[in-house]
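Working notes for the structure below.
We number each residue from 1, following the sequence as shown. The structure displayed is predicted, hence computed values, not measured ones. Just follow the structure's listing: the first ligand is 1, and inside any ligand the first atom is 1.
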Amino acid sequence: MDHDRYIEALRSELLRTVESHLSPVALQYGYSEVPLETNIKWRPLVLVLGNYSSGKSALINEFLGADIQTTGQAPTDDSFTILTYDNGENPADPVRLVEERDGKHLLNDPEYPFESLKKHGQRFAAHFRLKKVNSPFLKTLALIDTPGMLDSITERDRGYNYQDVVGDLAQIADLILVLFDPHKAGTIREAHISLRDTLPTRTFEDRVLFVLNRIDECASLNDLLRVFGTLCWNLSQITGRKDIPMIHLTYSPRAAAESRGPEAVSANGFLEHLENTREALKRSVQQAPRRRLDHLATFVETHSERLSHFMEGLLNYRRQLRNFRFKMVAYGLLLSLLAGAGTVAGLMTFGLLPIPDPNLLLLAAGGLAAVFYLLWGISVRRWLEGRFHRSRLQHLDQLTPLESQTRKDSWQSVRQLVARYLTRTGGTFPLWEVKEAHLRVAAVFQHGTREIREAMNELALLMADDRKAAAPGPYLSALVGERSEADT
Ligand SMILES: Nc1nc2c(ncn2[C@@H]2O[C@H](COP(=O)(O)OP(=O)(O)OP(=O)(O)O)[C@@H](O)[C@H]2O)c(=O)[nH]1
Ligand SMILES: [Mg+2]
């Protein structure tokens, strides 16, 4: 069965949900300044990070099946390179670099999810490029080769903030490979900063794969164990965790033979007893589209939850304002009537209003009440409404029940956005519009995300057992059916 088609169908469905239900609300109410799908609509992304000379480019070339990236000892490549598929070529042609685009073009083209990197400046733009390669490996994903992490930032001023760039790319990547080599097993200063400051904010387990590369260069098994121990120690310092993540032990037989000669490699007897997990690594990378689906599903869940909480805050504010206004109208009417009647009675008591006709008296009292109400409306009520607005801004947490930690967390992430919107609009926005928007995003949060997970579970079952693929369940059938109809 064609899993890729299912994955693609689910991906389109998720994107459609974001584009049509979440983004319009997010943009209208200032939850986000750009459409939410901006960073997730492109292809699945695999970010390759690591020490300089750890073999990032050699590994990428191996995946691609051609020497597209420059390799070499010592810091070789100081650019971030996006490697993506070019489908204009004849599949029978040998793998080659078909087209190259510079950073400026890439940062300004809305087709790519890199516009947010513009903030890193001209120097970064000069170190950013895209290469289109006709390698089948890139059919379902794009790779990002990165400049190696250095020992000390002062060793070479990059002219842009490397950690921030890595952080931004890590945010949109579906899988991150972090390569080390035996010579500098996690001892690089930039590796510490980048991994500690950018990666831990994301879930380490499901998006980061650690690789100890070039293990053929260890003199013996003892040497390898020593290096492995050092790397584990450094990783636990970086991640702040005691449990050691899975580390792939790999080497490139070709690069090893080229740099050290085939005899030197075969002299390393211990290599025979170790599985070179390069193939497993390649398979993990090829799973990037599946990871992108998880990434997307989590994205939809997180944003629909937050956005729904955000809208709930605005809705509650608006409802409280409506009730406050009703109260103010009722108080205003009552006080104005009392004031009108009181004034007429007072004037009569002091003989200042010699009108004998009760109808005329009523009219005078009514007229005065109307004047008082007008005054109330343009002064007191306005002032009280201003006070109401300020007090709600000061006690934002009263806008929503925060009964669980999940609710507290989601509120925490949108609280300031609610304050910003209320301040900007002065709290004057139509209640019906907010109600409608809230219903839209709440429906995605309550039902949409459940359906997505059900469809993904179905997909997982299909992938686990190919026999079941002959009869996809209702969610996938519906999705794939829908797409096929749309395609025809
Ligand atoms: N012995 C051995 N050499 C390797 C292996 N992988 C790569 N090399 C060699 O190591 C050197 C550095 O490899 P690159 O792929 O350029 O490393 P990089 O991480 O891209 O380096 P920068 O781009 O400078 O950050 C090259 O000369 C490769 O041929 C390996 O597994 N074993
Ligand atoms: Mg390189």
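For Phe310 and Trp411, the gap between ring centers reaches or exceeds 6.0 Å. Ring centers of His295 and Phe299: at least 6.0 Å apart, outside the cut-off. Note: Tyr31 and Tyr421 fail the aromatic proximity criterion, with ring centroids not under 6.0 Å apart.
Considering backbone and side-chain N/O of Ser57, one or more are found under 3.5 Å from N/O of ligand 1. Taking distance alone, with nitrogen or oxygen atoms compared against 3.5 Å, Thr146 stays at or beyond that limit from ligand 1. Considering backbone and side-chain N/O of Arg278, none are found under 3.5 Å from N/O of ligand 1. Polar contact with ligand 1: absent for Pro147 (N/O pair, distance under 3.5 Å). Checking only distances, Ser252 does come within under 3.5 Å of ligand 1, N or O to N or O.
Of the protein's non-hydrogen atoms, Ala58 N, 2.8 Å is the one closest to atom 15 (O) of ligand 1. Atom 29 (O) of ligand 1 has its closest protein heavy atom at Ala255 CB, 3.7 Å. Looking at atom 10 (O) of ligand 1, its nearest protein heavy atom turns out to be Arg214 NH1, 3.0 Å.
The pair Arg254-Glu258 counts as a salt bridge, with a side-chain nitrogen and a carboxylate oxygen less than 4.0 angstrom apart.
For ligand 1, the atoms lying closer than 4.0 Å to a non-hydrogen atom of Tyr251 are 31 (O). Every atom of ligand 1 with a heavy atom of Asn51 under 4.0 Å away is listed here by number and element: 19 (O). Numbered from 1 in the order shown, with element, the atoms of ligand 1 that lie under 4.0 Å from a heavy atom of Gly148 read 25 (O). Interface atoms of ligand 1 facing Asp216, defined by a heavy-atom separation under 4.0 Å, are 1 (N), 2 (C), 30 (C), 31 (O), 32 (N).
Ring planes of Phe63 and Phe137: parallel class, angle under 30° (limits at 30 and 60°).
A cation-pi arrangement is present between Arg158 and Tyr162, with the terminal nitrogen or guanidinium carbon under 6.0 Å from the aromatic centre and inside a 45° cone about the axis.
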